[in-house]
Amino acid sequence: MEYSKILVAIDRSSQSKLVFQKAFHLAKVEQAELKIFHCVGLSPLAFGSAGDIYGQGLGRAAQVQQELMAKEVEEVKNWLQTFLDQCEHEGIRATSEYKIGEAGYWIREVSLSWNADLVVMGRRGRHYTLVDARHFASFCVIELIFIHKTSVII
């Protein structure tokens, strides 16, 4: 077994299923544990109309932001559960995790704290990338494998 812990970082783009399927397949072949990770981005503070900036709308902006974030977090939990269900059905050991903030920072932190061997992640919704986590964590220059549909570019 070359990899025992695979971290897959997915967003909610249309390519997420492709990214997940690659990590899922690798976890199955390697008999590895899979962690499914998503980062909830921070959206700009929600203001009312332009006329509200100096009025009552500003006072309610933080409350609106919290409500929107709570709704998104609940949606993310349910979405991640669909991937966990697929893993359970195929006998793959898997967990999920989400963080709120900047994706690049959290992917690195989660890969380090979980001791991932491999990170599989999307590339701006178009491709997926395989990164040896030992190199990713230390920000060394590494060879990346970009896979687009059926072609492999090294």
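What you see is a predicted model, and the numbers here were worked out from it, not measured in a lab.
- Side-chain contact between Lys22 and Leu18: absent, with no pair of heavy atoms (C-beta onward) separated by less than 4.5 Å.
- Residues passing the salt bridge (Lys or Arg N to Asp or Glu O under 4.0 Å) test with Lys28 are Glu90, sequence neighbours excluded.
- A search for side-chain contact (heavy atoms from CB on, under 4.5 Å) contacts involving Ala9 returns Phe37, Ile107, Met121, not counting sequence neighbours.
- Residues passing the side chain to side chain donor-acceptor pair (under 3.5 Å) test with Glu75, sequence neighbours excluded: none.
- Evaluation of the side-chain contact (heavy atoms from CB on, under 4.5 Å) rule for Gln86 yields Phe20, Gln21, Phe24 as partners, not counting sequence neighbours.
- Considering only heavy atoms from C-beta on, His89 stays 4.5 Å or farther from Asp85 through its side chain.
- Within the model, atoms NZ of Lys5 and CG of Leu118 stand 13.5 Å from one another, a figure rounded to the nearest 0.5 Å.
- Under a 3.5 Å cut-off, the side chain of Arg93 and the backbone N or O of Cys87 do not form any donor-acceptor pair.
- Expressed to the nearest 0.5 Å, how far OG of Ser4 lies from CD of Glu33 amounts to 8.0 Å.
- Remark: Trp79 pairs with His38, Phe83 by the ring pair (Phe, Tyr, Trp, His ring centres under 6.0 Å) rule, at least two apart or across chains.
- A distance of 10.5 Å separates OG of Ser113 from CZ of Arg108, quoted to the nearest 0.5 Å.
- Every side-chain contact (heavy atoms from CB on, under 4.5 Å) that Ser96 has, sequence neighbours left out, goes to Ile36, Leu80, Leu84.
- Ile100 has its side chain within reach of Val73: a pair of non-hydrogen atoms, C-beta onward, lies under 4.5 Å apart.
- Annotation: the span from Thr95 atom OG1 to Lys35 atom NZ amounts to 4.0 Å, rounded to 0.5 Å.
- Between the NZ atom in Lys17 and the CD1 atom in Ile10 there is a gap of 10.5 Å [rounded to 0.5 Å].
- The shortest non-hydrogen separation linking Leu34 to Ala27 is CB-CB, 4.2 Å.
- The shortest heavy-atom contact between Cys39 and Trp106 is SG-CD1, 3.9 Å.
- Checking side-chain atoms of Glu30 against main-chain N and O of Glu2 turns up a donor-acceptor pair under 3.5 Å.
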